Peer 1: 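My structure is below; once you've seen it, I'll send some questions.
Computed from a prediction, not measured in an experiment: that's the story for all the values here. We number each residue from 1, following the sequence as shown. Hydrogens, waters and symmetry mates play no part in the numbers below; they use all other heavy atoms, side chains included.
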Amino acid sequence: MTHDLRICFVGDSYVAGLGDPRFLGWAGRLAARTIAAGRPLTGYNLGVRRQTSADVLARFRSECGPRLAPADDPRVVLSVGVNDATHQDGRPRVAPDESSANLGRLLDQATAEGWSVLVVAPPPVADPGHQARTALLDREFARLCRVAGVRYAPVHQPLAADPTWIHEVRTGDGAHPAEAGYDAFADLVAPHWDAWLGSGR
C-alpha cells in the first residue's frame, strides 16, 4: 500500500503562485519536483490573496483538518507576513508582535493535531518601506521557529539580493514575480523541503 503523504500549503498569494504564467508558484514546483523524483504526495494549495496571518489562523484548522486527518504522514507548509506588513491607514495591517503571536498559534495548533510543519519566509517586495517591515518579520519568524524547533526556509534575504526576482517584481505589480522568480523561490526552499520530507518533523 502506498504511503499516504499529504501536504497543505497555507498562506497568501505567493503560496497561490500569483503572477506565474504556469500557475504553479513555488509550492507547485516543489510538489511536482518531489513527485517526479518518485515520491507520491497529495498537495493542497490553500493560498488566498491578500490574507494576513490573522486570516490564515482563522481558517487553518477547518481547512487543513479534513484534508490531513486520514493521512499516514500529514504535513503543513506555512508562509505568511507580506500582507501583515502592508500599510493600511498609516500602519501595518497586523502589528509585528501580533504577527509573531499568530505564527506561534499556528504552530501550536499544528503540533496539537500532529501535523509536521515547514515555515517559509515572507519574500521581499519592491516598496522600500514595506520591504523593511517584511524583513523585520522574517527575522522574528526565524527566531520563533528556532525556539519552537520548527524548520524555517530563510528565503527572504537571498531573494532580496536576486536580480531576477527584483527585476520581475519591479516590472510586475511591485510584489509578485513571474516564472523565473518563482523558479528562484522554489530553488531556495528546495533544500529545506528535502530535509523536512526526509525527517519525521
Peer 1: What are the two closest heavy atoms between Arg61 and Pro66, and how far apart are they?
Peer 2: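 So the two residues come closest at O-CD, 4.1 Å.
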
Peer 1: Any link between Leu24 and Trp165 through a network of hydrophobic side chains (Ile, Leu, Val, Met, Phe, Trp, Tyr) touching at under 4.5 Å?
Peer 2: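 Looking at the clustering, Trp165 is in a separate group from Leu24.
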
Peer 1: Can you tell me if His87 has over 12 outside heavy atoms packed within less than 6.0 Å of its NE2?
Peer 2: yes

Peer 1: Please check if any side-chain donor atom of Asn83 sits under 3.5 Å from a side-chain acceptor atom of Tyr14, or the reverse.
Peer 2: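 Result is no, nothing qualifies.
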
Peer 1: Does any part of the side chain of Asp20, heavy atoms only, come nearer than 4.5 Å to the side chain of Glu179, both counted from C-beta?
Peer 2: yes

Peer 1: Should the ring pair Trp193 and Trp196 be called parallel, tilted or perpendicular, given that the plane angle runs from 0 to 90° and is split at 30 and 60?
Peer 2: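 Tilted: the ring planes of Trp193 and Trp196 meet at 30° to 60°.
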
Peer 1: Hey, mind stepping through Thr52 and Val80 against side chain to side chain contact (heavy atoms under 4.5 Å, CB included) and telling me if it holds?
Peer 2: CA-CA 6 Å; Thr52 66; Val80 293; over 6 Å; no

Peer 1: Would you mind reporting whether Cys8 and Arg75 have side-chain heavy atoms less than 4.5 Å apart?
Peer 2: no

Peer 1: Inspect the surroundings of CZ in Arg59 and state if more than 12 heavy atoms from other residues, nucleotides or ligands are less than 6.0 Å away.
Peer 2: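 Yes - once you tally the heavy atoms of other residues, nucleotides and ligands closer than 6.0 Å, there are more than 12.
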
Peer 1: Does the side chain of Val120 come within less than 4.5 Å of Phe185's, by heavy atoms?
Peer 2: yes

Peer 1: For Asp108 and Thr111, run side chain to side chain donor-acceptor pair (under 3.5 Å): C-alpha distance rounded to whole Å, both residues' side-chain angles, the deciding distance at 0.1 Å, then the answer.
Peer 2: CA-CA 5 Å; Asp108 287 345; Thr111 298; 5.5 Å; no

Peer 1: Any idea which heavy atoms bring Ala153 and Leu118 closest together, and the distance?
Peer 2: N-CD1, 4.4 Å

Peer 1: Side-chain contact, heavy-atom cut-off 4.5 Å: Val82 with Pro123?
Peer 2: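 A side-chain contact under 4.5 Å exists here.
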
Peer 1: Rounded to the nearest 0.5 Å, what separates atom OG in Ser99 from atom CG in Leu57?
Peer 2: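 Atom-to-atom, Ser99:OG and Leu57:CG are 11.5 Å apart.
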
Peer 1: Side-chain contact, heavy-atom cut-off 4.5 Å: Val48 with Glu63?
Peer 2: no

Peer 1: With the side chain counted from C-beta on, respond yes when Asp72 and Leu5 share a heavy-atom pair under 4.5 Å apart, and no when they do not.
Peer 2: no

Peer 1: Does Gln88 use its side chain to pair, donor to acceptor, with the backbone of Arg93 at less than 3.5 Å?
Peer 2: no

Peer 1: Hey, does Tyr44 have a side-chain heavy atom less than 4.5 Å from the side chain of Arg6?
Peer 2: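 Contact flag for Arg6/Tyr44 side chains = yes.
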
Peer 1: Mind checking the CG-CG spacing from Asp97 to Asn102? Nearest 0.5 Å is all I need.
Peer 2: 9.5 Å

Peer 1: Rounded to the nearest 0.5 Å, what separates atom CG in Leu136 from atom CD in Gln131?
Peer 2: 9.5 Å

Peer 1: Can you see which heavy atom on Ala16 is nearest to which on Asn45, and at what distance?
Peer 2: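 Shortest heavy-atom separation between Ala16 and Asn45 comes out as CA-OD1, 3.6 Å.
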
Peer 1: Given side chains that start at C-beta, do those of Leu106 and Val117 come closer than 4.5 Å, heavy atoms only?
Peer 2: no

Peer 1: Same cluster or not: are Leu103 and Trp115 linked, directly or through other Ile, Leu, Val, Met, Phe, Trp or Tyr residues, by side-chain heavy atoms under 4.5 angstrom apart?
Peer 2: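 Cluster IDs for Leu103 and Trp115 match.
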
Peer 1: Closest heavy-atom contact between Tyr152 and Ala121?
Peer 2: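 In this case the closest contact between Tyr152 and Ala121 is OH-CB, 3.1 Å.
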
Peer 1: Donor-acceptor pair, Arg133 side chain versus Ala85 backbone, under 3.5 Å?
Peer 2: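 Checked: pair present.
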
Peer 1: Out of curiosity, Arg50 CZ to Asp12 CG, how far, rounded to the nearest 0.5 Å?
Peer 2: 11.5 Å

Peer 1: Could you tell me how the ring of Trp26 sits relative to the ring of Phe9: parallel (under 30°), tilted (30 to 60°) or perpendicular (over 60°)?
Peer 2: perpendicular

Peer 1: Starting from Val169, can I reach Val189 by hopping between I/L/V/M/F/W/Y residues whose side chains sit under 4.5 Å apart?
Peer 2: yes

Peer 1: Walk me through whether Leu197 and Ile7 qualify under side chain to side chain contact (heavy atoms under 4.5 Å, CB included).
Peer 2: CA-CA 10 Å; Leu197 289 183; Ile7 303 174; 4.0 Å; yes

Peer 1: Mark yes when over 12 heavy atoms from residues, nucleotides or ligands other than Arg39 sit less than 6.0 Å from its CZ; otherwise mark no.
Peer 2: yes

Peer 1: Please report the shortest heavy-atom distance between Ser100 and Leu144, naming the atom on each side.
Peer 2: O-CD2, 3.4 Å

Peer 1: Which pair of heavy atoms, one from Tyr182 and one from Leu18, lies closest together, and at what distance?
Peer 2: OH-O, 2.7 Å

Peer 1: When rounded to the nearest 0.5 angstrom, what distance separates CG in Leu68 from CG in Asp4?
Peer 2: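 It is 9.5 Å, given to the nearest 0.5 Å.
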
Peer 1: Under a 3.5 Å distance rule, please check whether Arg143 uses its side chain to pair with a backbone N or O of Arg139 as donor and acceptor.
Peer 2: no

Peer 1: Count I, L, V, M, F, W, Y as connected when their side-chain heavy atoms are under 4.5 Å apart, and connections chain through other members. Are Leu137 and Val94 then in the same cluster?
Peer 2: no

Peer 1: Can you tell me how far OG of Ser53 sits from CZ of Phe60, rounded to the nearest 0.5 angstrom?
Peer 2: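 It is 12.5 Å, given to the nearest 0.5 Å.
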
Peer 1: With clusters defined by side-chain heavy atoms of hydrophobic residues (ILVMFWY) lying less than 4.5 Å apart, directly or transitively, does Val125 cluster with Ile166?
Peer 2: no

Peer 1: Would you mind checking if Arg33 and Asp194 are paired as a salt bridge, meaning a charged N to carboxylate O distance below 4.0 Å?
Peer 2: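 Salt bridge: yes.
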
